[in-house]
Each structure stands twice: as structure tokens, then as C-alpha cells.
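The structure appears below as C-alpha cells.
Order of listing sets the numbers, starting from 1, for every ligand and every atom in it.
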Amino acid sequence: MKIDISKSLFEKAQQFIPGGVNSPVRAFKAVGGDPLFIKKADGPYLYDEDGNAFIELINSWGPLILGHNHPAIKEAILKATELGTSFGAPTAKEIEIADLITQMVPSVEKVRMVNSGTEATMSAVRLARGYTGKDKFIKFEGNYHGHGDSFLIAAGSGAITMGMPNSPGVTQGTARDTLLAPHNDLKAVEELVEANKGEVAAIILEPVPGNMGLILPKKGFLEGLRKLCDREGIILIFDEVMTGFRLAPGGAQEVFDVTPDLTTMGKIIGGGMPVGAYGGKKEIMEFVSPTGPVYQAGTLSGNPIAMAAGYAMLKHLHDNPSIYQELDKTGGKIVGGFKDTLQRLGLNYSMTHLGSMFSLFFTDKEVVDFETAKSCDTQLFGKYFQAMLSRGVYLAPSQFESFFLSTAIKDEHVQHIVQANEDSLKEVLDIY
Ligand SMILES: *Cc1c(COP(=O)(O)O)cnc(C)c1O
């Protein structure tokens, strides 16, 4: 595989950009080698500057559930640019997208648009604190909620990959108000709430974590959190930045039939443009300024081009709900193929799958939380990543990231991916 142009671009990028990248996991530190510079993408394919093509299993880290350059989204963006790029004033499109979101996610009665998932979670926790008048909140080990200070404590995704579970720059004072519980452990949460009686504003979690690899909720875990929050007057926040509009039109809360008080959204909601949102019960959302006292604002929030892209994406998903069965089927074929291979090669690695998300963990333990996720052989994942790349399959450069499917992945790509997986495993494990 020729990578000369990417190599020279990476050298140049490092002169002007910290680490040569604008988001750390892109630097390939966890998997070795240099990052590829991407020139363009279409459907299921990424093309780098050297002219290599890859079938994509990241899809921009989740947003592009319809693949790259989907005609409906492209058209919406082009049309919107004709009318101007930003107004800093209300537009009709913002009502349309808010209306559609409340239809697709019924627990969201009112919604505020922001520009990233990070902004959504920061704002949701501030709102929960303002609404309840309490300071502390509970998060789960290995869950990632963006890079807001109070979340960078045992955070998943890049923060594990980069070996920085606790970032310098986050003050002790901030960290003190973030209480940590092991994921999927209801009893631990109950004890934590008991030990901080009357002081917990919110419990925030990824209902289906994708930021330590894909992890499924244990039976009764989400329901138990709902009951606990009701009993103790705690705001339950589902961070559906990754799972929202991906696992179902209504996200993980629809799949598992548990209703949070607030939901944070991002990724898919922008159709590939930078968008986030938070929403939920009317009486809580009314607490946000200008109706309420909790301040939150954004110069480019509700940007007309981003709203056009997001609306086109959500409308397409809303009008074509069979997409979710299709994605689940595609996921089943790939995971089935991977499992066949593992069995044939006598390998005991564990896999998880839900709809359009799946993970291959290089451990024989069942992965249910941060502890078990950390048992993975990340060195081996790095080699596997490179082996897949050289066979034209682009994965997230981290063991602790789910694989994401798009509707652009068809049977021919599934076959390629399954074969690449078998050949890559044989290569990295010296199996002949
Ligand atoms: C990606 C992600 C975020 C952060 O979103 P950004 O747009 O990267 O700021 C927050 N929560 C979850 C669950 C995510 O997957």
C-alpha cells in the first residue's frame, strides 16, 4: 500500500497542529503507524491522498449511517448554501427539525440545538444541577461524554486509548463532584446514592456504551436506574450522542423501553455537519434560558446549513424505518461471518452486536464493563487494525470504539470484510 503523500502531509501537519491532528485518536497512536490523509469519500468508501480505497466501518465515528454523500443530504446542503451560511436569528428549519426530533424521540418534549456532543452533555448536566439545586452527578467508568472537564474522569474512547483516564487541567474541585460507578452494576450505584444522599443531581450514562467497545446493558440495569432516580429525585440523562437515531429512530431508549428525563444527541443528528442537541421533559427544558435561569447559548447553534443536513438525515430515517432491520441484518452477516472464522481458527475472542454496531474484543472474557474491556490485548488489536487496513478495510484506530455500519455496506462489502478479517487474524496470529 502506497502512503507517501499521507506521510509527507503528516510531517507537515505536525509543524502547525498539535500532533498533526484536530482530534487525538485520529493520530493512530494506539495502533502504530501514521494516519492516512483522506481526500474524499463516497457511499461505503474512503479514498486517501495516495489513491487507496477503503471500505469504511467508522463512518466519521458514527454520524454517517447512510454512508458518504447520500443524495438527499447532499442536495439539502447545496440548497441551503444558496440562501446564506449563518444568520444568528431564528429560522423555520429549526422548528421543523425540533418537531421531527420530538416525534422520533417521544421523551424529548422540547429540544435545544448546540454544535457538538460535548456541548450537549455539558449543558444537560448544568441544567440538571440548576433544576435540582444539587452539585454532584454520577457517571460510569469507561463511558465517554465528550471532553467537558467534569466528564474527563475514567472517560472512555480516546481518553482510554491515549492512556489518560484523568486529564491534567481538570481541577480537584471539579473532579470531586463527579461520582464514579462501574458500568452495569446497579448495586454500586445504589450505594453511591445512599452515601451521597440528597446531593446527586443526575445520573448520566451511555445506555448502550460504544466508547469502550460496544457493551450491552445487563437485564434490569437501565430499569433499575430509572426506579432509583424516581425514588431519589435524580435526573436520569441518557447520552445518546452515539446511539440516537442509530439503534432505532428513538435510540436506545426505544430499544430498551426505558424513558430518561433528559437525552443528549449528536453525531447522526447533524447528517455529517457539526451538530448536537439536548432535550427532554418540558418542565426541565423550560429551566433553560431565556425561559429559565440556566444559561446556555451558541453563536452558530441551529446553523441553517447544519439544520438542513440534519433534517434531511432524520427525515430519511423517519420515512424509511426498514433501514434499521436492514442494518441489523448486515450486522448479523458480518458478526456471523466473524464468529465462524473465530471458531474455525479455535479463537475465543468475544464479540458484541446490536443493530448497526458491533465489536470484536481481543479477550476471552465477556466484556460488560470497563474492567473487562481493559482485559483486551490492545497490542494485538493494533496489528489487526493494520492488517485490515492493508486489505482495504478502515476500522476505528482503537480497540475501544465500536464498529459502525452504514446502509451503503452491501453483500459484496460484507464478503470482503469477512474475508479480510479471516486473513488478518491468520496474519497477526501466525496461523497457516
Ligand atoms: C462522541 C460522543 C460524545 C462527544 O461528542 P462530540 O461531538 O465529539 O463532542 C459524547 N457522548 C457520546 C456517547 C459520544 O459517543
Side-chain angles (χ1 to χ4, degrees), residues 21-27 57-65 105 112-126 128 137-162 167 178 183 202-217 222 236-247 251-253 255-256 260 262-279 296 298 300-301 303 306 309-310 313 354-359 370 373 396-398 400-404:
V21 291
N22 280 314
S23 195
V25 187
R26 292 179 198 168
L57 288 178
I58 315 187
N59 289 292
S60 193
W61 301 79
L64 302 174
I65 194 169
V105 191
R112 171 62 63 82
M113 305 305 298
V114 293
N115 304 293
S116 67
T118 294
E119 270 187 74
T121 55
M122 273 170 30
S123 308
V125 166
R126 183 187 304 136
F137 75 93
I138 295 175
K139 86 173 274 290
F140 293 89
E141 291 165 2
N143 279 211
Y144 181 66
H145 303 296
H147 64 90
D149 281 6
S150 52
F151 298 116
L152 283 182
I153 295 144
S157 189
I160 329 179
T161 310
M162 309 302 286
S167 173
T178 304
H183 198 86
I203 295 177
I204 185 168
L205 77 157
E206 297 182 65
V208 178
N211 285 295
M212 43 183 165
L214 173 70
I215 288 181
L216 300 175
L222 298 173
L236 182 61
I237 307 172
F238 277 6
D239 180 357
E240 297 231 40
V241 169
M242 190 180 272
T243 50
F245 313 106
R246 177 164 281 285
L247 294 180
Q253 55 195 275
V255 175
F256 293 96
L262 292 176
T263 300
T264 55
M265 293 163 275
K267 299 196 168 119
I268 288 177
I269 207 174
M273 300 293 284
V275 179
Y278 65 106
Q296 185 271 309
L300 292 169
S301 293
N303 172 270
M313 169 69 95
L354 188 61
S356 61
M357 296 170 73
F358 65 99
S359 278
F370 193 37
S398 164
F400 303 114
E401 192 77 27
S402 168
F403 300 156
F404 299 110

With heavy-atom distances below 4.0 Å as the criterion, list the atoms of ligand 1 near [X].
| X | value |
| --- | --- |
| E206 | 13 (C) |
| S116 | 7 (O), 9 (O) |
| M242 | 15 (O) |
| G146 | 3 (C), 4 (C), 10 (C) |

Checklist line | Aromatic contact, F137 with F151 (centres under 6.0 Å) | finding: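 F137 vs F151: aromatic centres under 6.0 Å.
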Checklist line | Heavy-atom pair with the smallest gap, counting every atom of F400 and S398 | finding: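 Heavy-atom minimum between the residues: N-OG, 2.9 Å.
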Item checked: Non-hydrogen atoms of K139 and I153 that approach each other most closely ->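 Smallest heavy-atom distance, with atoms named: NZ-O, 2.9 Å.
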Note to self: Quick check: H145 and ligand 1, any N/O pair under 3.5 Å apart?
What the structure shows: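 Between H145 and ligand 1, no N or O pair is found under 3.5 Å apart.
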Notebook entry, point to check: Would one find an N or O of V241, backbone or side chain, under 3.5 Å from an N or O of ligand 1?
Noted result: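 Such a contact does not occur with ligand 1.
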Margin query: Does only the side chain of K267 get under 4.0 Å from ligand 1, or the backbone, or both, or neither? Count heavy atoms.
Written below: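 For K267, the contact with ligand 1 is made by the side chain alone.
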Next item on the list: Could you tell me the residue and atom name of the protein heavy atom closest to atom 9 (O) of ligand 1, and the distance to it rounded to 0.1 Å?
Entry: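 The closest heavy atom on the protein side is T118 OG1, 2.6 Å.
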Check: Which residue supplies the protein heavy atom nearest to atom 7 (O) of ligand 1, what is that atom called, and how far is it?
Finding: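 Going atom by atom, the protein heavy atom closest to atom 7 (O) of ligand 1 ends up being G117 N, 2.9 Å.
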Item checked: Residue that, paired with Y278, satisfies side-chain hydrogen bond (donor to acceptor under 3.5 Å, both in side chains) out of E119, R112, Q296 ->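 It is Q296; the other options fail the test.
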Next item on the list: Look at atom 11 (N) of ligand 1 and find which of I204, N211, D239 reaches it with the closest heavy atom.
Entry: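 Considering heavy atoms of I204, N211, D239, the nearest to atom 11 (N) of ligand 1 sits in D239.
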Next item on the list: Could you walk me through whether F245 and E240 pass side chain to side chain contact (heavy atoms under 4.5 Å, CB included), step by step?
Entry: CA-CA 8 Å; F245 313 106; E240 297 231 40; over 6 Å; no
Margin query: Main chain of H145, side chain of T121: is a donor-acceptor contact present, judged purely on distance under 3.5 Å?
Written below: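 Checked: pair present.
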Note to self: With side chain to side chain contact (heavy atoms under 4.5 Å, CB included) as the criterion, how do I138 and I204 come out once you've worked through the C-alpha distance, each side chain's angles and the decisive distance to 0.1 Å?
What the structure shows: CA-CA 6 Å; I138 295 175; I204 185 168; over 6 Å; no
